[in-house]
Amino acid sequence: MTSTKYIFVLGGVTSSLGKGIISASLAKLLQDRGYRVTIQKLDPYINVDPGTLNPYEHGECYVTSDGAETDLDLGHYERFLDVSTSQANNITTGRIYQNVIQKERRGDYLGETVQVIPHITDEIKKSIEALGKTGDYDFVLTEIGGTVGDIESLPYVEAIRQLRWEKGKDSLVIHLTLIPYLAAAGELKTKPTQHSVKALLELGVQPDVLVCRTEYPLNKGLKDKVALFCNVDSTEVIESIDTSTIYNVPLLMAKEKLDQVVLKKLEVKSEREPDLSRWKSFLNRLKNPVAEVKIGLVGKYVELQDSYKSIDEAFIHGGVMNDCKVKVKMIHSESISNDTAEEKLGHLDGILVAPGFGTRGIEGKIEAIRYARENNVPFLGICLGMQCAAIEFARNILGMSDAHSTEMNPETQFPVIDLMGSQLNVQDKGGTMRLGKYSCKLQRNSKTFRMYNQETIEERHRHRYEFNNNYRKDFEDHGMMPVGINPENDLVEIIELENHSWFVGVQFHPEYQSTVNNPHPLFIGFIEAALKYHKNTDAN
Ligand code: GLN
């Protein structure tokens, strides 16, 4: 293609309509037609990145391979497209202002009054065009967080208005809105959508395509009505109906011809239809499992579904590869103690202890791991979950009764998990953890090696604390084997328990790299072990 096309996705009426999934689905359809596609998320909050946010605020913090702490929508982009994203794919208002203020201090605007328009809007435009200018993409999709009408979205809408004007046919605006169903009237209502489009028009933006989220199918009459009142053709009113799995959405969008409408508007002649065969075969296996396992996800942010988004999705991918439905039961770590462990965990086929920070709920996590270790229940510990596995082992097998991480107990006699040397002088909390991709060498005779089937792997990280190598020998002598080591700094990345059905702790986050096309080997292996455990316990 001669020039990069820019597609903007803005939401209206309410949040949580699934802009990320619609963007990822459209991108998938374009990718499966052979185009090079990337998606970017612009978030109108003032945090420089979501790394400092509690998961209760915005759900999981997703980490890219270049070490950016980002919005969880980037996880969907990667899972759908199987293409790595980077810092450039997630920009917040905080970062935009930080850049502008740095330039002001440097003297880049010497003599000028620095203002929202043009300086902030120019910086937003620059961030959007940066991906296109790499020459790596035919399409750049830019999703704007929040809802049209929010005060904090205004500079973004203005930047899009300008880009739409400047780029003409090389750009397009998709507006995702809600068509609510009023049970009392027994009717779908278009008025909120009309108002939302009006709000956009007041800001100078005419949407080119409307994607309407709905509980019930939109008939022709309703599409015509929306079209007439919103200045679009009725073929440009796309139904986005509620569905049982997000992985259905690319197919639903293909059926609604979203990709065709977009290509037509952008005057791109596509030579081929999207090849969705691989996606369909994944969906087919997802919808027709032959077995089922129950996995306990032990964490402390269990009230909010999105807190462990990538883990949930990696379970779906790992389950599909085993033709197995994975029922994930969220278990609050604060509810687990020696007394309640059997009742809370006894019915499970596998236990995953989640990543996390701070003291709250830590003893419950350690107790859950004791239960998994003693009862031969398949166990996967991720980041803090791996650290807790080391603490549990030190306390209950090595006899170090007050063993701990210095994150929770700086005074412990046995700091089996300790602050990384590189973190000693770090004061700021934002973006200062050990972040992003690092390599790890696997021991050939380990279970982990068998799953990856390669000696050197690369995985993403997000932590400040590490396994304390002073205790390594003691652990090994008692059967907790460090089977994955960072070749540059000797950091223990993976521990594996001998004489156990499947007990693996990883300092990194495998869940970030699991995609539909490339389900993560550790999740495949974990579900396989859970299935085996399920069959064995069933037989007894
Ligand atoms: N709190 C731990 C650390 O900083 C673990 C972090 C995590 O689970 N992502 O090392």
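Fair warning: this is a prediction, and the values are worked out from it, not measured in the lab. Every number for a ligand or one of its atoms is a count from 1 in the order of the listing. Worth knowing before you read on, the calculation uses all heavy atoms, side chains too, and leaves out hydrogens, waters and symmetry mates.
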Checklist line | Check: E459/Q513 side-chain N/O donor and acceptor closer than 3.5 Å | finding: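 Yes, a side-chain donor-acceptor pair sits under 3.5 Å.
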
Next item on the list: For Y77 and Q40, test the side chains for any donor-to-acceptor distance below 3.5 angstrom and give the result as yes or no.
Entry: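 Absent: no donor and acceptor within the cut-off.
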
Margin query: Run the side-chain contact (heavy atoms from CB on, under 4.5 Å) test against N468 and tell me which residues pass, sequence neighbours left out.
Written below: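 In terms of side-chain contact (heavy atoms from CB on, under 4.5 Å), with neighbours along the sequence ignored, N468 is linked to P415, D418, N470, Y471.
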
Checklist line | Neighbour list for ligand 1 [protein residues, heavy atom under 4.0 Å] | finding: P355, G356, F357, C383, L384, Q387, E407, R462, H463, R464, Y465, H509

Note to self: Over 60° means perpendicular and under 30° means parallel, so tell me whether W279 and Y247 are parallel, tilted or perpendicular.
What the structure shows: tilted

Item checked: Residues that Y533 engages under ring-ring contact (aromatic ring centres under 6.0 Å, His included), provided they are two or more places apart ->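 So Y533 forms no ring-ring contact (aromatic ring centres under 6.0 Å, His included) with any residue.
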
Next item on the list: Could you pull out all residues at least two apart from Y512 that satisfy ring-ring contact (aromatic ring centres under 6.0 Å, His included)?
Entry: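 In terms of ring-ring contact (aromatic ring centres under 6.0 Å, His included), with neighbours along the sequence ignored, Y512 is linked to Y62, H509.
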
